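This report refers to the structure that appears directly beneath it.
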There are 2 protein chains.
Amino acid sequence: MASTQDATARAQIRDCALRLFGERGPDAVTVRDIAACAGVSPGLVLHHFGSKQGLRDAVDTHVETLFEDMLAHTVEEPDVFASGEPQALKSFAELLASQIPKDSPIPQYLRRLLLSGDPVGRALFRQWFELSLTATDAMDASGNLRPTPDRDAMTAFLMVNDLAMILLHDHIADVIGTDPLTQEGMQRWASVAFDVYLHGAFTKEDS
Amino acid sequence: MASTQDATARAQIRDCALRLFGERGPDAVTVRDIAACAGVSPGLVLHHFGSKQGLRDAVDTHVETLFEDMLAHTVEEPDVFASGEPQALKSFAELLASQIPKDSPIPQYLRRLLLSGDPVGRALFRQWFELSLTATDAMDASGNLRPTPDRDAMTAFLMVNDLAMILLHDHIADVIGTDPLTQEGMQRWASVAFDVYLHGAFTKEDS
DNA sequence: TTGCGTACTGAACAAGTGTTCAGTACCTTG
DNA sequence: CAAGGTACTGAACACTTGTTCAGTACGCAA
């Protein structure tokens, strides 16, 4: 029932857990569910990961590693992050949309991670924020960022807006008709976002 | 351990369930947990709500009612929503911050609702979107909205940004130092948001 | 071959789960 | 007072849960 790249039973169990945890939440998924999904016995799950908590931790660190690789792969392209181009700031969402298949369980798991109060999620958010700060500073240095009195809040604002699209993409698809995590939906969403970030959303006749 | 306004045991159970469900997620909360929190026996929980699922449904509809009241109370003030003032669009967050105490379990429960794929959450999101559309149209009619080729996406963008602040407020507090759901944090956040929506975030020398 | 370690199974166990129900207390209506 | 309904208790039940463990199969070194 599961087939990604790593065909070992251990990896299959981990991937199944990742998907099921993302779909239903870890508490609503039993060890037997995961074993059935991976096509192994319940005992093997505990054999490889020690306990259900051990499996949860393994999935967490696996997701962390995935993101680290993704970010490292992006940062090493100097044109994207260090250039200070405005595009740099919306690259989290575009990164996700471009680097993962559309039926990937990663976005759903990311949701749980960020919204469960989990320390792993907090660490991830902070790490992304630090990265966003460097992007903001680069934009500022190259003159592409409009001066702001509150650099931190501005950075957080832009980053959270970006993140929100990922977290709420299915609700957005519900009401505007296209999923912003797909290729075409991303273009539509980025077009609006870029427009607002360049010209604002309100008219400024008063004040 | 619980004391809001309704002192009946039934209401206490419902409020405890609301808080615990929000904190840990419904699957991680047992009927005995709720009973202990409300200071009653486990049997009484089932006596009042039939089953745990019945309690979950009751909490859902209770939250729905709370939001309906909140929105109705706001919409009936003609100056806020119908006027087309720019302030109207960020009023969800301000509404939440102003109308609920800062230790309220509502924001956390709202998170679960919106991110669990629950149909109740979907309905709530759509309902808010419809309301946002009327606000957008009002702003457009009064000339306060910059013309946009994609009204739906623009509305969703502004609304999702607003919602994101609520969903991620504790992470935001983590990195910028103030919780945007508090009085002072709200001012700081709104200041940035309003600035971006009025003047943009990027400079527009090129393109 | 023998031995050993690892992957793996599936039955079993103890704890925890939602739920049931007989029974108690209390208030209201006749 | 009696009668009945409602709020409420807590022990018990059936089931699911995570976890354990004896046992099997297989590959590899001696």
Side-chain angles (χ1 to χ4, degrees), chain A residues 1-63 105 109 112-113 116 118-120, chain B residues 1-63 109 112-113 116 118 120:
Chain A
M1 190 174 281
S3 64
T4 42
Q5 54 256 35
D6 195 342
T8 70
R10 199 190 133 94
Q12 293 240 17
I13 293 169
R14 174 174 36 65
D15 290 342
C16 273
L18 170 58
R19 161 161 275 118
L20 292 178
F21 284 170
E23 286 173 0
R24 310 181 210 163
D27 293 311
V29 177
T30 72
V31 173
R32 287 169 179 81
D33 288 338
I34 299 166
C37 164
V40 299
S41 73
L44 190 61
V45 176
L46 284 305
H47 170 73
H48 278 303
F49 298 95
S51 66
K52 187 185 181 182
Q53 185 57 46
L55 175 56
R56 292 179 60 158
D57 295 343
V59 172
D60 276 352
T61 61
H62 180 238
V63 171
Y109 194 82
R112 306 265 175 195
L113 219 45
S116 63
D118 197 295
V120 176
Chain B
M1 189 175 281
S3 63
T4 42
Q5 53 255 36
D6 195 341
T8 70
R10 199 189 132 95
Q12 293 239 19
I13 293 171
R14 172 174 38 67
D15 290 343
C16 273
L18 170 58
R19 160 159 276 119
L20 293 177
F21 285 170
E23 285 173 2
R24 309 180 211 164
D27 293 309
V29 177
T30 72
V31 172
R32 286 169 180 81
D33 288 338
I34 299 166
C37 164
V40 300
S41 72
L44 190 61
V45 177
L46 283 303
H47 169 73
H48 279 303
F49 297 95
S51 66
K52 188 184 181 183
Q53 185 58 45
L55 176 55
R56 292 179 61 161
D57 295 344
V59 172
D60 276 352
T61 60
H62 179 236
V63 171
Y109 193 84
R112 307 266 173 197
L113 218 46
S116 62
D118 197 295
V120 177

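None of the values given here were measured: they were computed from a predicted structure. Per chain, numbering begins at 1; letters A, B, ... match sequence-line order.
Between A/Phe49 and A/Arg10 the shortest side-chain heavy-atom distance falls below 4.5 Å. Counting only heavy atoms from C-beta outward, the side chains of A/Val29 and A/Arg19 never approach each other to under 4.5 Å. Looking at heavy atoms from C-beta onward, B/Asp60 lies in side-chain contact with B/Asp118 at the 4.5 angstrom threshold.
The interatomic distance linking A/Ile13 (CD1) with C/dA7 (P) rounds to 11 Å, in whole Å. In this structure, B/Leu44 places its CG atom 15 Å from P of C/dT19, rounding to the nearest Å. Across the protein-nucleic acid pair, B/His48 atom NE2 and C/dG18 atom P stand 18 Å apart, rounded to whole Å.
Residues forming a side chain to side chain donor-acceptor pair (under 3.5 Å) with B/Arg24 (at least two apart in sequence, or on another chain): B/Asp33.
Applying the side chain to side chain donor-acceptor pair (under 3.5 Å) test to every pair with at least one member in residues 40-55 of chain A, sequence neighbours left out, gives these pairs: A/Gln53-A/Asp57.
Between A/His47 and the phosphate of C/dA7, there is a side-chain N or O to OP1/OP2 separation shorter than 4.0 Å.
Residue B/Arg14 holds its CZ atom at 7.0 Å from OG1 of B/Thr8, rounded to the nearest 0.5 Å.
The side chain of A/Ser41 lies closest to C/dT9, out of C/dT9, D/dC8, C/dA7.
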Checklist entry - What does nucleotides 11-26 of chain D look like as a protein-contact string, B for base, S for sugar-phosphate only, - for none, at under 4.0 angstrom between heavy atoms? => result -B----BBBB------
